Amino acid sequence: MKCLNLARHETELTAGRLAELTGLSTSAVTALLDRLERGGFVERHRDTADRRKVLVRSTGRHEAVLTEIFGRVATAFASVADAYDDDQLELITGFVLRLNERAREFIPTLVRDLGS
(Lines give C-alpha, C1' and ligand atoms only; values in the text may rest on other atoms or scores of the structure.)
Protein backbone atom coordinates (compact mmCIF):
# COMPACT_ATOMS: atom_id res chain seq x y z
CA MET A 1 0.00 0.00 0.00
CA LYS A 2 2.77 2.41 0.95
CA CYS A 3 4.68 1.69 -2.24
CA LEU A 4 1.60 2.17 -4.39
CA ASN A 5 0.87 5.46 -2.65
CA LEU A 6 4.44 6.64 -3.23
CA ALA A 7 4.27 5.62 -6.90
CA ARG A 8 1.05 7.58 -7.22
CA HIS A 9 2.47 10.79 -5.74
CA GLU A 10 6.18 10.89 -6.61
CA THR A 11 6.87 11.76 -10.23
CA GLU A 12 10.58 10.84 -10.11
CA LEU A 13 10.29 7.64 -8.06
CA THR A 14 13.09 5.12 -8.57
CA ALA A 15 13.68 1.74 -6.97
CA GLY A 16 16.52 3.25 -4.95
CA ARG A 17 14.31 6.06 -3.66
CA LEU A 18 11.61 3.52 -2.82
CA ALA A 19 14.15 1.50 -0.81
CA GLU A 20 15.20 4.66 1.01
CA LEU A 21 11.63 5.67 1.85
CA THR A 22 10.47 2.23 2.97
CA GLY A 23 13.60 0.88 4.62
CA LEU A 24 13.46 -2.19 2.39
CA SER A 25 16.59 -3.58 0.77
CA THR A 26 17.06 -2.91 -2.93
CA SER A 27 16.56 -6.61 -3.70
CA ALA A 28 13.28 -6.61 -1.74
CA VAL A 29 12.15 -3.51 -3.64
CA THR A 30 12.98 -5.17 -6.96
CA ALA A 31 10.92 -8.24 -6.01
CA LEU A 32 8.08 -6.00 -4.82
CA LEU A 33 8.11 -3.98 -8.05
CA ASP A 34 8.14 -7.18 -10.10
CA ARG A 35 4.97 -8.34 -8.31
CA LEU A 36 3.28 -4.93 -8.56
CA GLU A 37 4.14 -4.71 -12.25
CA ARG A 38 2.80 -8.22 -12.93
CA GLY A 39 -0.41 -7.22 -11.15
CA GLY A 40 -0.75 -4.13 -13.33
CA PHE A 41 -0.34 -1.69 -10.44
CA VAL A 42 2.90 -0.01 -11.57
CA GLU A 43 4.93 0.43 -14.72
CA ARG A 44 8.64 1.02 -15.10
CA HIS A 45 9.81 3.58 -17.65
CA ARG A 46 13.24 4.77 -18.69
CA ASP A 47 13.85 8.43 -17.85
CA THR A 48 13.94 10.40 -21.11
CA ALA A 49 16.73 12.64 -19.77
CA ASP A 50 18.87 9.80 -18.37
CA ARG A 51 18.24 6.42 -20.03
CA ARG A 52 20.11 4.64 -17.19
CA LYS A 53 17.46 5.74 -14.70
CA VAL A 54 14.25 3.71 -14.41
CA LEU A 55 11.20 5.48 -13.02
CA VAL A 56 8.29 3.75 -11.31
CA ARG A 57 4.80 5.06 -12.02
CA SER A 58 1.38 4.04 -10.84
CA THR A 59 -0.91 2.74 -13.57
CA GLY A 60 -3.93 4.14 -11.74
CA ARG A 61 -5.36 0.69 -11.11
CA HIS A 62 -7.43 0.64 -7.96
CA GLU A 63 -6.89 4.36 -7.31
CA ALA A 64 -10.48 4.69 -6.13
CA VAL A 65 -9.99 1.82 -3.70
CA LEU A 66 -6.76 3.34 -2.35
CA THR A 67 -8.41 6.74 -2.01
CA GLU A 68 -11.29 5.18 -0.12
CA ILE A 69 -8.96 3.21 2.17
CA PHE A 70 -6.69 6.15 2.96
CA GLY A 71 -9.76 8.36 3.41
CA ARG A 72 -11.12 5.98 6.03
CA VAL A 73 -7.76 5.90 7.81
CA ALA A 74 -7.55 9.70 7.77
CA THR A 75 -11.07 10.02 9.17
CA ALA A 76 -10.36 7.48 11.91
CA PHE A 77 -7.09 9.19 12.87
CA ALA A 78 -8.68 12.65 12.77
CA SER A 79 -11.37 11.52 15.20
CA VAL A 80 -8.62 10.56 17.66
CA ALA A 81 -6.63 13.78 17.08
CA ASP A 82 -9.75 15.90 17.63
CA ALA A 83 -9.69 14.90 21.32
CA TYR A 84 -6.40 16.80 21.84
CA ASP A 85 -5.63 20.53 21.83
CA ASP A 86 -2.84 22.02 19.69
CA ASP A 87 -0.24 21.98 22.50
CA GLN A 88 -0.91 18.31 23.22
CA LEU A 89 -0.71 17.42 19.53
CA GLU A 90 2.59 19.29 19.24
CA LEU A 91 4.00 17.30 22.17
CA ILE A 92 2.75 13.99 20.73
CA THR A 93 4.09 14.85 17.28
CA GLY A 94 7.52 15.66 18.70
CA PHE A 95 7.53 12.38 20.62
CA VAL A 96 6.62 10.32 17.54
CA LEU A 97 9.19 12.13 15.38
CA ARG A 98 11.91 11.41 17.95
CA LEU A 99 10.87 7.74 18.08
CA ASN A 100 11.05 7.52 14.27
CA GLU A 101 14.47 9.18 14.27
CA ARG A 102 15.78 6.74 16.85
CA ALA A 103 14.32 3.79 14.93
CA ARG A 104 16.07 4.92 11.73
CA GLU A 105 19.33 5.03 13.70
CA PHE A 106 19.21 1.52 15.14
CA ILE A 107 17.12 -0.58 12.72
CA PRO A 108 19.95 -1.09 10.19
CA THR A 109 22.18 -2.39 13.00
CA LEU A 110 19.38 -4.57 14.38
CA VAL A 111 18.65 -6.05 10.95
CA ARG A 112 22.35 -6.71 10.37
CA ASP A 113 22.69 -8.38 13.80
CA LEU A 114 19.62 -10.55 13.28
CA GLY A 115 20.89 -11.63 9.87
CA SER A 116 24.19 -12.94 11.22
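Start at 1 with the first residue, then count along the sequence. Just so you know, these numbers come straight off a predicted model, no measurement behind them.
- The shortest non-hydrogen separation linking Q88 to A83 is OE1-O, 4.4 Å.
- Atoms CG and OG, on L32 and S27 in that order, are 11.5 Å from each other to the nearest 0.5 Å.
- Note on E105 versus R102: salt bridge recorded, some NZ/NE/NH1/NH2 to OD/OE distance being below 4.0 Å.
- Note that OG1 of T67 is 8.5 Å distant from CG of N5, once rounded to the nearest 0.5 Å.
- Across all their heavy atoms, P108 and A103 have their closest contact at CD-O, 4.4 Å.
- With sequence neighbours excluded, the residues satisfying side-chain hydrogen bond (donor to acceptor under 3.5 Å, both in side chains) with E20 are R17.
- Listed by chain and number, the residues in a side-chain hydrogen bond (donor to acceptor under 3.5 Å, both in side chains) with D50 are R52 (sequence neighbours excluded).
- No path of Ile, Leu, Val, Met, Phe, Trp and Tyr side chains, each step under 4.5 Å between heavy atoms, connects F77 with V80, placing them in separate hydrophobic clusters.
- T59 places a side-chain N or O within donor-acceptor distance of the main-chain N or O of G40, the cut-off being under 3.5 Å.
- The same ILVMFWY cluster, assembled from side-chain heavy atoms under 4.5 Å apart, contains both F95 and L89.
- Proximity of D86 to E90: side-chain heavy atoms (C-beta onward) are nowhere separated by under 4.5 Å.
- Looking at C3 and L36, their side chains come closer than 4.5 Å, going by heavy atoms from C-beta outward.
- In the hydrophobic clustering of ILVMFWY residues, with side-chain heavy atoms under 4.5 Å counting as a link, Y84 and V73 come out apart.
- Using a distance-only test at 3.5 Å, with no hydrogens or angles considered, a donor-acceptor pair links the side chain of K2 to the main chain of L21.
- R44 places no side-chain N or O within 3.5 Å of a backbone atom of L55 that could act as its donor or acceptor partner.
- Between atom CD1 of residue I107 and atom CZ of residue R112 there is a gap of 13.5 Å, rounded to the nearest 0.5 Å.
- In this structure a side-chain-to-backbone donor-acceptor pair under 3.5 Å is missing from E37 to D34.
- Residues D47 and V54 form no side-chain contact, since every pair of their non-hydrogen atoms from C-beta on lies 4.5 Å or further apart.
- Shortest non-hydrogen contact noted between V42 and A7 is CG1-CB, 4.1 Å.
- Cluster membership check: L24 shares its hydrophobic cluster with M1, using side-chain heavy-atom separations under 4.5 Å among Ile, Leu, Val, Met, Phe, Trp and Tyr.
- In this structure, CZ on R57 lies 8.5 Å from CD on E43, to the nearest 0.5 angstrom.
- Within a 6.0 Å sphere centred on CZ of F70, heavy atoms belonging to other residues, nucleotides or ligands number more than 12.
- Hydrophobic clustering of Ile, Leu, Val, Met, Phe, Trp and Tyr side chains at less than 4.5 Å, counting indirect connections, keeps V96 apart from L91.
- The shortest distance between side-chain heavy atoms of L18 and L13 falls below 4.5 Å.
- Counting non-hydrogen atoms of neighbouring residues, nucleotides and ligands closer than 6.0 angstrom, the CG atom of D85 exceeds 12 such neighbours.
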